[in-house]
Amino acid sequence: MLDEAKIEAFVVKNSDFYRAKWRRFQENPDAVLSFNLAALIGQSFWLAYRKLYLPLFALLGLALVYGFSYGLLFFDNQELLTANESLIYGVNLSVGIALTAVPALLGNYWYWRKYQRTEQRAASRYSDIEAQERYLQSKGGTNVAGVVALILVLLVPFIWVSFQATRIVDTEGFILDARGPLT
């Protein structure tokens, strides 16, 4: 049986939504798929918001490895890129859909498992129910600062590339700054 007060302490926002989803996981231990619209729309940001750091870093790591692999394979190799254009498009689309769908379909389950582990730790550390709920609240809840940090981390490479795109190195090694008034 799900403990309403503990779920409320852990989830804080939208506890009714997660209670309903988690009841299904409790009734059917083999179930893992459950749709979450916020995870579909926000993917990594939803994971950071709900403090699901392990899946967040796993998905970002997979995206990073894929991006580096793509860049190494096709950087300065226009012939290979052109010859395999439709295959590359299909792979890129498939990877994008997978990175979007996985949090949307498994996010509720990941959150349920995090709740279970945190509840077990709380019960093993504290005999008092109120202390357990305080522990759940400290480990659960939401993390807006994590979302802001993620946004900043994702913006840094974009800003760096944008800045580098404004600089041109001529043949003698001089850097010509392309920023300035349009003429």
Side-chain angles (χ1 to χ4, degrees), residues 1-27 31-68 70-71 92-126 128-165:
M1 185 80 181
L2 294 173
D3 187 323
E4 307 286 324
K6 287 182 177 179
I7 291 173
E8 181 72 34
F10 181 78
V11 175
V12 181
K13 295 180 181 178
N14 294 333
S15 60
D16 291 338
F17 172 82
Y18 292 105
R19 187 178 302 111
K21 296 288 185 177
W22 295 352
R23 189 171 293 118
R24 189 171 146 245
F25 293 138
Q26 189 178 37
E27 292 168 358
V32 293
L33 298 178
S34 172
F35 182 73
N36 186 315
L37 182 61
L40 175 71
I41 294 169
Q43 295 109 13
S44 298
F45 302 107
W46 178 82
L47 292 169
Y49 182 70
R50 286 293 174 184
K51 300 181 182 179
L52 294 167
Y53 301 121
L54 184 62
L56 170 66
F57 292 134
L59 286 175
L60 290 179
L62 287 172
L64 191 64
V65 166
Y66 179 75
F68 276 126
Y70 181 87
N92 284 342
L93 183 62
S94 299
V95 169
I97 289 171
L99 289 175
T100 302
V102 166
L105 295 174
L106 294 176
N108 291 328
Y109 180 74
W110 292 336
Y111 201 33
W112 161 244
R113 294 293 298 145
K114 180 179 177 175
Y115 168 74
Q116 284 183 312
R117 287 188 303 272
T118 308
E119 183 186 32
Q120 288 169 355
R121 264 186 257 125
S124 69
R125 291 180 184 183
Y126 306 100
D128 178 32
I129 296 296
E130 289 179 12
Q132 290 178 17
E133 289 175 5
R134 282 194 302 274
Y135 180 82
L136 286 166
Q137 193 170 24
S138 71
K139 299 298 179 186
T142 58
N143 186 5
V144 175
V147 174
V148 171
L150 180 61
I151 289 169
L152 293 176
V153 166
L154 294 176
L155 279 179
V156 167
F158 176 76
I159 292 168
W160 183 80
V161 168
S162 298
F163 174 74
Q164 293 301 320

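Because only heavy atoms are used, hydrogens play no part in the values below, and waters and symmetry mates are left out as well, while side chains stay in. Not measured: the values here are computed from a predicted model.
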Considering residues, nucleotides and ligands other than Phe68, do more than 12 of their heavy atoms fall under 6.0 Å from its CZ?
-> no
Is there side-chain contact between [X] and [Y], with heavy atoms separated by less than 4.5 Å?
| X | Y | answer |
| --- | --- | --- |
| Tyr66 | Asn92 | yes |
| Leu47 | Tyr53 | no |
| Ile151 | Leu155 | yes |
| Leu52 | Trp46 | yes |
| Leu150 | Leu56 | yes |
| Tyr49 | Val144 | yes |

Once you round to the nearest 0.5 Å, how far does [atom1] of [X] lie from [atom2] of [Y]?
| X | Y | atom1 | atom2 | answer |
| --- | --- | --- | --- | --- |
| Thr118 | Lys139 | OG1 | NZ | 8.5 Å |
| Phe35 | Lys21 | CZ | NZ | 8.0 Å |
| Ile129 | Asp3 | CD1 | CG | 7.0 Å |
| Trp110 | Lys114 | CH2 | NZ | 13.0 Å |
| Arg125 | Gln132 | CZ | CD | 12.0 Å |

Side-chain donor/acceptor of [X] to backbone N/O of [Y], under 3.5 Å:
| X | Y | value |
| --- | --- | --- |
| Asn108 | Leu33 | no |
| Asn14 | Phe17 | no |
| Gln43 | Leu40 | yes |
| Lys51 | Gly140 | yes |
| Arg50 | Val11 | yes |
| Ser124 | Arg121 | yes |

Please check if the distance between the ring centroids of Tyr111 and Phe10 is under 6.0 Å.
-> yes
Determine, step by step, whether Leu105 and Ser34 satisfy the side-chain contact (heavy atoms from CB on, under 4.5 Å) criterion, reporting the C-alpha distance in whole Å, the side-chain angles of both residues, the deciding distance to 0.1 Å, and the verdict.
-> CA-CA 5 Å; Leu105 295 174; Ser34 172; over 6 Å; no
In terms of the angle between their ring planes, are Tyr109 and Phe25 parallel, tilted or perpendicular, with boundaries placed at 30° and 60°?
->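 Correct class here is perpendicular.
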Looking at Lys6 and Glu133, does any basic side-chain N land under 4.0 Å from a carboxylate oxygen?
->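 No salt bridge links Lys6 with Glu133.
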Heavy-atom closest pair, residues Pro157 and Leu154 |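 Result for this residue pair: CD-O, 3.5 Å.
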Locate the shortest heavy-atom distance separating Pro103 from Leu59; write the atom from each residue and the value.
->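 Heavy-atom minimum between the residues: CG-CD1, 3.4 Å.
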Indicate whether any N or O donor in one side chain lies under 3.5 Å from an N or O acceptor in the other, for Gln116 and Arg113.
-> yes
